[in-house]
Amino acid sequence: MLEARRKEKRYMVKAISSNLGYPRLGEKREWKRALERYWNGAISQEELEKETKQIRLQSLKKQQEKGVELIPVGDFSYYDHILDTSLTFGVIPKRFETDQPSLDTYFEIARGRENAVASEMTKWFNTNYHYIVPELKDAAPHLAFNRPLKYYLEAKEELGIDGKPVVVGPITYLKLGKGSEGDFEGLLDQFIPLYTQLIKELEEGGVKWVQIDEPYLATSFPKEELALYKKTYEAIRAAAPEIKIELQTYFESLDYYEDIVKLPVDAIGIDFVHDHGESLEALEKFGFPADKILGVGIINGRNVWRSDLAKQKALLEKIVTLAKAEIIFVQPSNSLLHVPVTKKTEPDLEEVLWNGLSFADEKLDEIVLLTKALNGEETADFAASTNAVAALNASSHRNNNEVQTAIKNLENVTVERDLPFAERIKQQHEWLKLPLLPTTTIGSFPQSPEVRKKRAEWLKGNLSDSDYDTYIKAEIKRWIEIQEDLDIDVLVHGEFERTDMVEYFGQKLAGFKATKFGWVQSYGSRAVRPPLIYGDVAFTEEITVKESVYAQSLTDRPVKGMLTAPVTIINWSFVRDDIPKSEVANQVGLALRTEVEALEANGIRVIQVDEPALREGLPLKESRWKEYLEDAVYSFKLTTTSVKNDTQIHTHMCYSDFDDIIDTISALDADVISIETSRSHGEIISTFEEVTYDKEIGLGVYDIHSPRVPTVEEIQDNIKRALRAIDVKQFWINPDCGLKTRKEPETIAALKDMVKATKEIRAEYQVTEK
Ligand code: GLN
Ligand code: ZN
């Protein structure tokens, strides 16, 4: 009886398909090209507006044709949605202030102009998308113009779409800004009336649903802050009683679910994909308010894998039953900004893989199908999706016996070096015979237009393998000579053969696939094309040995081998979701362990394994950090610990805020680490004043992000400041990061200063050897 009633209830639900945001780039990065042509002066502002409008309307039309009922508008941007929000509220840094902020003002804030540095950019939560950080100190916020309304009206007039404007919520906006730390509530109080005005105008403009994004709600924050949300949304509600508000959260579960669902809005959007099962648990425990609509984020908006719709439908039904919902929104877990546009542009992929993919457009099809199914409408059979997912899982790519046996046997694998650091470092010093304060670089040297041209020619088939090889070798040789002339102590081969530090490894390991147009926006017009890790990862051929060995053959000085570590490879790829990420990381670790051993066997006795993305991949909630970091340390050690005691393992990270993971850095047990520091103005050095770090370390002594050549004095200041916290015997001298993006003359000039600065400081010490 109960069962029957439940069943009946399930099908009484009215499901509405809803999207949260659509990629801006266009199928073939038309958006990027339009922007860059405008920046280069090749097209006028009018032409830029025309071209981007076309892309925008096309994207809207596509969603309309697919049958998405609630279509987001105003999610389009010329650069970044946080910068859009800043301009909407007149938050313009003083150095860019003008009477009439123009589109150029907007771009200048993002990209800088002569005499005015750009605003900082930083990662949007735990994604690889970067937003422009609002500068809130001394801001005089006012509602400069109602941007969402403009795009709502456009969609309505041009396409008859009654869209759902997307607005970044005030608390998330202010939390992401800098300068809001002091009197946060005071600042919020300035913004509340502006937001109420904005929403009220939307209501007057005919908007029925507005989506207010408050992803900050899905982080861990002090419970008192809930009052801020209550006050904000009560004010908005009072000012605009008719408009329907969906308060949208994503990327995690809600720590204060039972309070958040009571906020005075009409719908709450919750992520049921990245919630570790906790959204469902909360629903089970606390139910869902009868007067609200539940927005169910059911299709993963951050990866590219097709959903088994039968499974997702069952989950939806469970959610509907638990929520006793009468209306739900079926939606992606978050904006589709984080996935490529359509897999239609990838016809060359193997069928079993292609069938298992779902990019933004296909995800919207999934949403619509699920919605129809829930409404009991006749719909395509879900078997296609179930079969596609099953076929990919059953394919040989995901059933590599050797890899799976190795993973099962991991407990028998030693992931510790033979000797503790204090003892093995002596053996390393013995043969390395490095001077005090040894100098090195982080790996890459300038990828000149010529290097890129040669690679492009080679990829097109206009340059033979052997000619390309000869060219790369010549570059390596040239740079070995340059480094010797500069008198650098530990050399690198320069990474000329790599476009990208993850892609290159993906091309050589089994289980990876590159896409042609699988671009996602990283920042501004810059897009990245993360490889797909779709199968079991295995070592198939030597990856870096040839170049390193060649470089070493040219010099008596040690040449550092150069690899990318597992967590960075994972964080910058689209990773299969049928097994835990940590298992994929271990597969990568095992494959790289073979590469490390091959380097060592071929005489490379200093090996750097880069983990620049370790810090940025930290989970949003601190409660999940421990597990993530332990897994990261394990996969790193899996990669690096099988070498002899006198082989020196280096690692590199480029992020300055290390306070909270310094123990992890130490636990990696790398003999030497290099870290970016010069932009953090010595903040990181205070970390080392407080903890005793026992291994060797290089804190970047100059900023490589700018073409400016640092002076010898500046570099010496940086070194001396570091030496106040770190013993001179532990310390290495290196730039902040790789030099790939710099030009050759400035690189050589900067390195010359670096070596000169070092030699002068060395002379001040009695001991001259490590
Ligand atoms: N070895 C890499 C390089 O020098 C490291 C890059 C990075 O830290 N992101 O380019
Ligand atoms: Zn770096």
Side-chain angles (χ1 to χ4, degrees), residues 121-123 128 130 439-448 451-452 455 472 475-476 479 482-483 488 490-506 522-523 526 528 530 543-544 547-548 551 559-573 592 595-596 599 604 606-617 632 636 639-640 648-658 661 665 668 670 672-680 684 697-706 732-744 747 750-751 754:
M121 69 179 183
T122 194
K123 291 197 181 250
N128 216 346
H130 302 68
T439 51
T440 191
T441 61
I442 303 304
S444 59
F445 282 126
Q447 291 251 330
S448 60
V451 173
R452 271 178 260 153
R455 187 180 305 114
I472 296 287
E475 271 305 274
I476 294 176
W479 273 94
I482 294 173
Q483 293 173 84
I488 290 176
V490 175
L491 313 191
V492 296
H493 76 280
E495 302 181 26
F496 304 106
E497 74 288 1
R498 310 178 188 177
T499 26
D500 175 278
M501 63 188 293
V502 170
E503 184 189 72
Y504 187 74
F505 287 80
S522 171
Y523 63 88
R526 211 189 121 85
V528 292
I543 307 167
T544 64
E547 290 78 11
S548 294
V559 171
K560 261 195 294 192
M562 197 58 61
L563 307 179
T564 308
V567 170
T568 295
I569 290 186
I570 299 264
N571 284 345
W572 292 349
S573 301
L592 294 177
E595 177 70 10
V596 167
L599 281 169
I604 305 300
V606 180
I607 302 171
Q608 179 172 311
V609 184
D610 290 327
E611 199 63 290
L614 181 100
R615 174 68 178 73
E616 72 184 39
F636 184 87
T639 307
T640 53
Q648 186 164 72
I649 297 291
H650 288 222
T651 188
H652 165 73
M653 295 182 191
C654 36
Y655 194 94
S656 38
D657 186 6
F658 279 108
I661 61 160
I665 290 177
L668 296 175
V672 184
I673 181 170
S674 58
I675 303 180
E676 171 184 315
T677 27
S678 42
R679 279 191 302 181
S680 71
I684 189 171
I697 182 163
L699 301 180
V701 297
Y702 76 85
D703 180 9
I704 59 92
H705 299 87
S706 143
W732 283 66
I733 308 289
N734 49 259
D736 257 351
C737 191
L739 297 159
K740 184 160 85 179
T741 54
R742 295 273 61 88
K743 297 209 168 72
E744 183 163 326
T747 301
L751 290 174
M754 183 183 91

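Given the structure is predicted, the values throughout are model-derived calculations rather than measurements. Every number for a ligand or one of its atoms is a count from 1 in the order of the listing.
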Numbering the atoms of ligand 1 from 1, which are under 4.0 Å from a heavy atom of [X]?
{"X": "Cys654", "answer": "7 (C), 8 (O), 9 (N)"}
{"X": "Gly738", "answer": "3 (C), 4 (O), 10 (O)"}
{"X": "Cys737", "answer": "7 (C), 8 (O)"}
{"X": "Gly443", "answer": "4 (O)"}
{"X": "Ile442", "answer": "1 (N), 4 (O)"}
{"X": "Met562", "answer": "1 (N)"}

Supply the atom-to-atom distance [X] [atom1] to [Y] [atom2], rounded to the nearest 0.5 angstrom.
{"X": "Ile675", "Y": "Leu699", "atom1": "CD1", "atom2": "CG", "answer": "6.0 Å"}
{"X": "Ser444", "Y": "Lys740", "atom1": "OG", "atom2": "NZ", "answer": "6.0 Å"}
{"X": "Arg498", "Y": "His493", "atom1": "CZ", "atom2": "NE2", "answer": "4.5 Å"}
{"X": "Ile604", "Y": "Leu599", "atom1": "CD1", "atom2": "CG", "answer": "6.0 Å"}
{"X": "Asn734", "Y": "Met754", "atom1": "CG", "atom2": "CE", "answer": "7.0 Å"}
{"X": "Leu739", "Y": "Leu751", "atom1": "CG", "atom2": "CG", "answer": "6.0 Å"}

Could you tell me how the ring of Phe445 sits relative to the ring of Trp479: parallel (under 30°), tilted (30 to 60°) or perpendicular (over 60°)?
->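 Answer is parallel, since the angle falls under 30°.
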
Between Thr544 and Glu595, a side-chain donor and acceptor under 3.5 Å |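 Indeed, the side chains of Thr544 and Glu595 share at least one donor-acceptor pair under 3.5 Å.
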
Check His652 against ligand 1 and report side chain, backbone, both or neither, counting heavy atoms closer than 4.0 Å.
-> side chain

Taking non-hydrogen atoms only, is Ser444 closer than 4.0 angstrom to ligand 1 via side chain, backbone, both or neither?
->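 Within the 4.0 Å criterion, Ser444 contacts ligand 1 through backbone and side-chain atoms alike.
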
Side chain to side chain contact (heavy atoms under 4.5 Å, CB included) assessment of Asp736 paired with Thr677 | CA-CA 6 Å; Asp736 257 351; Thr677 27; 3.9 Å; yes

Could you tally the protein N/O/S atoms lying less than 2.8 Å away from the Zn ion (ligand 2)?
->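 My tally for this metal is 3.
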
Among protein heavy atoms, which lies nearest atom 1 (N) of ligand 1, and at what distance?
-> Asp610 OD2, 2.6 Å

Close N or O approach (Gln608, ligand 1; < 3.5 Å) |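 No.
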
Please assess Phe505 against Leu592 for the test side chain to side chain contact (heavy atoms under 4.5 Å, CB included), listing each intermediate value before the final yes or no.
-> CA-CA 9 Å; Phe505 287 80; Leu592 294 177; 4.0 Å; yes

Is the closest heavy-atom distance from Met501 to ligand 1 below 4.0 Å?
->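 Yes; Met501 lies near enough to ligand 1 that a heavy-atom distance drops under 4.0 Å.
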
Do Glu676 and Ile704 pass the side chain to side chain contact (heavy atoms under 4.5 Å, CB included) test, and can you show the C-alpha distance, the side-chain angles, and the key distance before you say yes or no?
-> CA-CA 9 Å; Glu676 171 184 315; Ile704 59 92; over 6 Å; no

